[in-house]
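The next block holds one structure in the form of structure tokens; read it before the comments.
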Amino acid sequence: MSSNLPSTENSIPWIRIVLGLIAACVLPFFISNYHVFQASMVLSYAIALVGMNILIGYSGQISLGHGAFLAIGAYTSAILMDKMNIPYWMTIPIAAFICLVVGFLFGLPALRLEGHYLALATFALAVALPQLLKFKHLEFLTGGVQGIVIMKPDPPWETLFGLKLNSDRWLYFFTLAVTVVMFVIGWNLIRGRVGRALIAIRDQPIAAASMGIDTPLYKSLAFGVSAMFTGVAGALSAILVAFVAPDSFTVFLSITLLVGMVIGGVTSLPGALYGALFIQFIPNIADQISKAAPWAIYGTMLILFMYTMPTGIAGALRLLGEKFRPTRS
Amino acid sequence: MKKRQFALTALCISLIGFALPAAAQKKYDPGASDTEIKIGQTMPYSGPASAYGVIGKVQAAYFKQLNETGGINGRKINFITLDDGYSPPKTVEMIRRLVEQDEVLLTLGTLGTPSNTAIHKYMNTKKVPHMFLATGASKWNDPKNNPWTIGFNPNYQSEGKLYAQHILATKPNAKIAVLMQNDDYGKDYFNGFKEGLGAKAASMIVSQATYEVTDPTIDSQIVTLKGSGADTFFNITTPKFAAQAIRKVSDVGWKPTHYLNQVSASVGSVLKPAGLDVSVGLISMNYIKEGADSRWDNDPTMKDFKALIKKYAPEVSADDGNATYGYAVAQMMVQVLKQAGDNLTRENVMKQAASIKDFQVPMALPGVLASTSPTDFALFQTMQLVKFDGKTWVEFGKPVAVK
Amino acid sequence: METFIHQVVAGIAAGGVYASLALALVMIYQSTHHINFAQGEIAMFATYMAWTLINAGVSYWLAFVCTILLSFSLGVLIQRIIIRPVENAPVLNIVVVFIGLLVILNSIAGWVFTYTIKAFPSPFPKEQPFGLFFISSHELGSIGVTMVLLLLLYSFFKFTPLGLAMRAAAQNPDSSRLVGIRVGWMLALGWGLAAAIGSVAGMMIAPVVFLEPNMMSGILLYAFAAALVGGIDSPGGAVLGGFIVGILENILGAYVIGTELKLSVALVLIIVVLTIKPAGLFGKVIVSRV
């Protein structure tokens, strides 16, 4: 793993963040509902990618199976809304908690596995979960092969500051709020003791252990926290799409998440956003370029991105920024 | 005097009567205009179900050719078909784009049960015709609650029931083994089958096995099913696995009465790879003409079809059951649009779709007529059992009415 | 009892399929220390090349040999052109390149050859061998071919100087360069050989599962599991792993858990094995000194 350290020495770019938030809040009133829906999906993917960042980038473990946590989060939300009539906003923290526990429990045996073996184990998780979801003895809960259809929530108010709110816009703001909260949690984790411990474990595991860092605890915790983030993303996506089914959570989804994380930038919070934009929009763009073999275009773009931006989009932007910043003494 | 006045009045009234239709307004909903009709579709051109992409390709070719000969009532068809990779969230995204951004008049032949389930409520809330779905799930025939959705494929459950009833009639003491794909489609067939067997289902079905689409082979399942001592086999598999199953059944020396679901009954894409010789005796159901069937060599529709794909989609094989199916759906769509005339509102399109009277889709088997009514959206009311003779599917028995 | 034997034998036959692709994975790992996720797609593509040749009238064995040579060149080309720029990049970047390659090959195959299944001929006779009905001549023959490949691979790595040079280049590129080994070409050779092995695997698998662009995706997971269970650096282990996975999956599905969950349970068991023996059954545990 490359030893990317978070830029703790640079100050938080407050201006950029505030401008970004303002732009994000104004956006839905200028674009069509369909694009608002897409933007909400991007935000939910970004949360999932932050989760993957924590696990893969900061704690140095690998996961090819995070789609499973998306599924757990999504199904938790769907089951709570459909079978127990719990309001949608309450399902998010519940899904977060459940995924935290499941992720932590998965992280414990995963401690014994490294590199390729861990990759296989997580891959196995991604493959096994759809089967479990279809299992007939769990059908009463999961809806089996039919999946669960959810009612799309209505906005609580008709207008916001005189601007019309509809279901899509309301859900977008809801997703945006959750995204901000999750990013803040992620930021604090990474900059704080947990983040430093994880980086130490990732780069110098033996030294870290001899310094008293409880390696197994932190590694399992990384899994748990990472699963929590992804679970929240899954719950959000279930509410946005208003439908969950085993077919929505294939192995390819897990691979797509991995790709998004690397393309965005492995140890970078803004990278999660860039990665999410990539995995949401590039397939559509590829489809426009070539109807005959769109995925060949997508694959080519993956390879080109890796050639030209080895540290991800976030890394490339940072390098660009450094070029134009006047040198400081 | 009175007689002349009467005649004059009658003349005036009849003149007005004739004039009124001529002055009828052209009515359009988004997606329709004087010059074009926009039709949207999502289809799995990539991913595990990509073999079905042929359907969309043939339909695109069909509309392209139709446009070159003037379109329907002078309007060209703008057919927008998008890839959803058989992933429901992607289907939702693409359908929303088609409805909200491209503003299509209706969607045609969207494929896959989970994909269509994901957009079912949306289409009915938005009141956009959700037409001729490429899936046989029974839930699409629900005009009361979902009046904007109409299926195309004969119902999977009804087909399962058909085979069950045939077994009860011909082999009431049969021991049945079932192989099914572990998803909605497989379960639907199986449920219909069990329903058809009624109280005897539990005693007659001696063995059942499932498989996943991601499984490499189904050899192990076939071995288990044979080992149960069953003498009848209901094969609910998609084309690739159907070919494997037919071959394996023959390889292990098992000779059951073999019922094959219609989804995989294509001579070109399933029986030929499996081996025509080992496919003799297979029983299935047919409602579309087979490209490989020499009976239709001089049939005008079949000739048109073969010329079409030769010119516009040369990579498609005429033997591919998906290709003739796509062609049939396109023909049905054209018929409905023709019936709608100049009143191209979404409501009228659905009204026309709900009032098809004994229409012989040219690509469908002769005698298999399409009929709908406002209370019953199932297109095909009868099913025909067929048996494979080594070269083609041969009808036997009379068409059976299905519910 | 008869069915049980049949299941075990079917498991061995399926295992042979996984084993042959697992060998290609082992090959690529031993020469580059990376697991190439695109290996299955390269094998699939090679099989399509064979199919094209056979359809054009070329005899089976000639097409077989030509395909092996063609895929060897394809492997070398891919390594030199596509992989070389990211050779020294972080592992994750290389993984993304592999994924890109996988997707490109799959998409192009679908575009050129369409997604409809195609029958692929088998060089082995159609009749059952020795009158046995629970294994076909082809299945027996492909297990034989896998064994031959295994033997060739094992002897290559253990007994030839070139094999030793390749292993050295993968394990310690810098020291190898100092000893005069052309590391770059060792890697390319590794890729070429892996592609060649994969093409043989593909040509053995296609008659059973039918040729189509997604043919290898299901098998890749099993091959991956087989290679890891046996030990990613041991060809013999990978083949044994393949048989274990095949038999385990069949027995689980038929007798223990039913077909609905057999994949999940099989994978869970494999992971349990790995937690007990992290380097696989026959792999070497790398001990690092502090």
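Lettering follows sequence order; numbering is per chain, from 1. Here the structure is a predicted model, which means the values were calculated and not measured. No hydrogens, no waters, no symmetry mates; every other heavy atom, side chains included, goes into these values.
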Can you tell me how far [atom2] of [Y] sits from [atom1] of [X], rounded to the nearest 0.5 angstrom?
X      : Y      : atom1 : atom2 : result
C/I247 : B/S220 : CD1   : OG    : 11.5 Å
B/D251 : C/E139 : CG    : CD    : 7.0 Å
B/S269 : C/E212 : OG    : CD    : 12.0 Å
C/I117 : B/T238 : CD1   : OG1   : 9.5 Å
C/Y222 : B/T214 : OH    : OG1   : 7.0 Å

Applying side-chain contact (heavy atoms from CB on, under 4.5 Å), run through C/V208 and B/D219 and close with a yes or a no.
CA-CA 10 Å; C/V208 178; B/D219 288 359; 4.3 Å; yes
For [X], is it the side chain, the backbone, both, or neither that has a heavy atom closer than 4.5 Å to a heavy atom of chain B?
X      : value
C/S217 : neither
C/Q7   : both
C/M215 : backbone
C/P121 : neither
C/Y18  : side chain

Taking atom [atom1] of [X] as the centre, report whether more than 12 heavy atoms of other residues, nucleotides or ligands fall under 6.0 Å from it.
X      : atom1 : result
C/K118 : NZ    : yes
B/K175 : NZ    : no
C/Y60  : OH    : yes
C/W111 : CH2   : no

Side chain, backbone, both or neither: which part of B/Y45 has an atom under 4.5 Å from a heavy atom of chain C?
backbone
So, the part of B/Q221 with a heavy atom under 4.5 Å from chain C: the answer is side chain
For B/V223 and C/T3: C-alpha separation, side-chain torsions, deciding distance, then whether side-chain contact (heavy atoms from CB on, under 4.5 Å) applies.
CA-CA 7 Å; B/V223 169; C/T3 314; 4.1 Å; yes
For chain C, which candidate among B/E315, B/K57, B/K240 shows the most heavy-atom pairs at distances under 4.5 Å?
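Looking at each of B/E315, B/K57, B/K240 in turn, B/K240 comes out on top.
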Just give me the residue among B/S50, B/G227, B/A51 that pairs up with chain C most often, heavy atom to heavy atom, under 4.5 Å.
B/S50
If every non-hydrogen atom of C/F210 is compared with every non-hydrogen atom of B/P273, which pair is closest and at what distance?
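Nearest pair, atom of C/F210 first, then B/P273: CE2-O, 3.3 Å.
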Ignoring hydrogens and angles, tell me if any N or O in the side chain of C/N214 forms a donor-acceptor pair with the backbone of B/G47 under 3.5 Å.
yes
